[in-house]
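In what follows, a single structure is set out as structure tokens and then discussed.
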There are 2 protein chains.
Amino acid sequence: MADNSADRTAAALGEPTLEEQIAAYQREFQDLDPQVEKVVSALSRLNRRMNVAYSRQTADLGISNAEWEVLKALVLSGAPYRMGPGELAKRLGLTPAAMTHRIDRMVAEGLVTRERDESNRVRVIVELTPVGREKWLAAMRLASVFEEDLLQDLSSEERHTLGELLTRLLIRVEHAQPDAGGRLTDLD
Amino acid sequence: MADNSADRTAAALGEPTLEEQIAAYQREFQDLDPQVEKVVSALSRLNRRMNVAYSRQTADLGISNAEWEVLKALVLSGAPYRMGPGELAKRLGLTPAAMTHRIDRMVAEGLVTRERDESNRVRVIVELTPVGREKWLAAMRLASVFEEDLLQDLSSEERHTLGELLTRLLIRVEHAQPDAGGRLTDLD
DNA sequence: CGTGTAGTGTTTAGCTTCGAACTTTAGGTT
DNA sequence: AACCTAAAGTTCGAAGCTAAACACTACACG
């Protein structure tokens with residue numbers, strides 16, 4: 001079971017506050033926009049914390065975070081919960097090689113099955129087992145409690161605003177490609 | 001040079017839109033709050049995209065994302081840019097073992113120096129070299145262009161709002177510990 | 001029909017990380 | 001002083017990932 005970085009990052013002793021960190025960056029790099037940096041730093045820190053929380057939860061269920069990602073992708077594909085290793089790899093941002101090994105493990109643990117596609121014998125079909133689906137559901141229940149709790153201090157309106165602003169950033173990143181200088185340029 | 005997941009996740013062929021993804025989750029898991037899920041999913045996707053962008057930029061400079069993280073921590077500590085391996089490991093969320101190896105590489109590449117602390121011979125001091133500082137600065141310049149561009153579509157007011165909302169989430173995660181059920185409970 | 005070519009998944013070798021055992025030093029206790 | 005305990009880093013073996021080479025199947029084209 002990988003991804004046990006849980007308790008190392010959890011406490012985060014002596015880590016500077018966001019404000020302190022931004023002030024330090026400004027000392028070292030004058031033309032930094034503190035407003036931009038605040039958003040970016042908060043995003044990155046938040047994500048680290050969230051991953052730690054998820055790792056802890058999945059570990060409690062006896063699966064790794066990596067395995068949870070696979071389960072999520074399969075469930076998202078809808079019944080009958082089948083996908084090829086290649087597509088899974090693309091979705092999760094892994095090499096096909098890594099996917100092969102990950103599926104090996106998950107087959108051994110009974111979370112998925114792997115069989116050749118008889119109508120096209122190059123392809124392989126990875127299918128969620130009932131056990132795998134149960135694990136996904138259990139992880140989902142834990143995750144949703146955590147997520148609800150994370151947003152607890154925000155009003156419904158604030159949640160909406162946050163969702164919209166983040167979606168706009170996401171759209172900008174997903175519908176654009178960086179040019180040579182790293183700038184994002186629209187595709188269409 | 002690790003962290004070359006750049007071009008695999010960049011295109012993200014066939015990935016469902018955020019809305020589609022949330023709709024799919026709701027079909028499989030009824031008591032899911034779509035508002036919460038939207039925020040969380042957007043956060044997680046955004047971070048993946050940003051990491052891909054950073055990886056590409058650091059690769060262009062001939063360093064890995066991992067090395068950039070070390071450089072950032074050292075610069076943040078302020079002049080004379082010295083830290084012990086243990087503290088670095090804690091900041092970056094790594095085991096001391098991993099830190100040892102990472103420093104090995106960075107010493108070999110001339111980014112940092114490693115020496116024993118003569119006043120306390122158990123300790124080791126990792127110090128940024130001028131070359132390391134230059135690499136940090138170059139990476140920082142690239143990153144700030146990308147970040148400014150990422151937020152391009154948001155007005156100054158929207159940036160402020162986003163920063164504040166994210167900070168509140170961060171505070172909730174950083175000042176709390178999860179209880180047995182995964183809920184976040186205040187410390188003070 | 002055979003052959004070339006593209007697409008899929010697996011295998012192999014090397015690297016990075018983790019967990020755990022180990023070494024060295026500092027500092028307190030008797 | 002001699003010992004015990006804690007703290008800091010390193011070493012060791014196992015796990016997981018990447019890139020690149022490889023094997024197999026399907027399909028188009030002569």
Measure from the side-chain heavy atoms of [X] and tell me the nearest of [options].
X: A:Pro85; options: C:dG9, D:dT10, C:dT12; value: C:dG9
X: A:Val124; options: C:dT10, D:dC17, D:dT11; value: C:dT10
X: B:Thr100; options: D:dG9, D:dT18, C:dT17; value: D:dG9
X: A:Ala66; options: D:dA26, D:dC17, D:dG9; value: D:dC17

Nearest whole angstrom, please: distance from the [atom2] of [N] to the [atom1] of [X].
X: B:Met83; N: D:dA8; atom1: CE; atom2: P; value: 13 Å
X: A:Glu69; N: D:dC17; atom1: CD; atom2: C1'; value: 14 Å
X: B:Glu67; N: C:dC15; atom1: CD; atom2: P; value: 14 Å
X: B:Glu115; N: D:dT10; atom1: CD; atom2: P; value: 13 Å
X: A:His101; N: C:dT11; atom1: NE2; atom2: P; value: 8 Å
X: B:Leu92; N: C:dC18; atom1: CG; atom2: P; value: 10 Å
X: B:Leu94; N: D:dT10; atom1: CG; atom2: C1'; value: 15 Å
X: A:Lys90; N: D:dT18; atom1: NZ; atom2: P; value: 15 Å

Do you know which two heavy atoms are closest between [X] and [Y], and how far apart they sit?
X: A:Arg82; Y: A:Leu74; answer: C-CD2, 4.2 Å
X: A:Val126; Y: A:Ile103; answer: CG2-CD1, 3.6 Å
X: A:Val39; Y: B:Leu162; answer: CG1-CD2, 3.8 Å

Would you say [N] has OP1 or OP2 under 4.0 Å from some side-chain N or O of [X]?
X: B:Arg121; N: C:dT23; value: no
X: B:Arg123; N: D:dA7; value: no
X: A:Arg105; N: D:dC17; value: yes
X: B:Arg114; N: D:dA8; value: no

Checklist entry - If you find the nucleotide of DNA chain D closest to B:Ile125 and the one closest to A:Ala98, which residue's nucleotide is nearer the 5' end? => result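 Result: B:Ile125.
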Checklist entry - B:Gly86 or A:Asp117: which one's nearest nucleotide on DNA chain D is closer to the 5' end? => result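 This one resolves to B:Gly86.
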Next on the checklist: With nearest nucleotide decided by heavy atoms, which residue, A:Gly84 or B:Val122, maps closer to the 5′ end of DNA chain C?
Outcome noted: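 Closest to the 5' end, via its nearest nucleotide, is A:Gly84.
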Checklist entry - In Å, rounded to the nearest 0.5 Å, how long is the span from CE of A:Met106 to OG of A:Ser64? => result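 Here the rounded value is 7.5 Å.
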Item to check | Intermediate values then yes/no, side-chain hydrogen bond (donor to acceptor under 3.5 Å, both in side chains), A:Tyr25 and A:Glu20 | outcome: CA-CA 9 Å; A:Tyr25 271 136; A:Glu20 286 165 357; over 6 Å; no
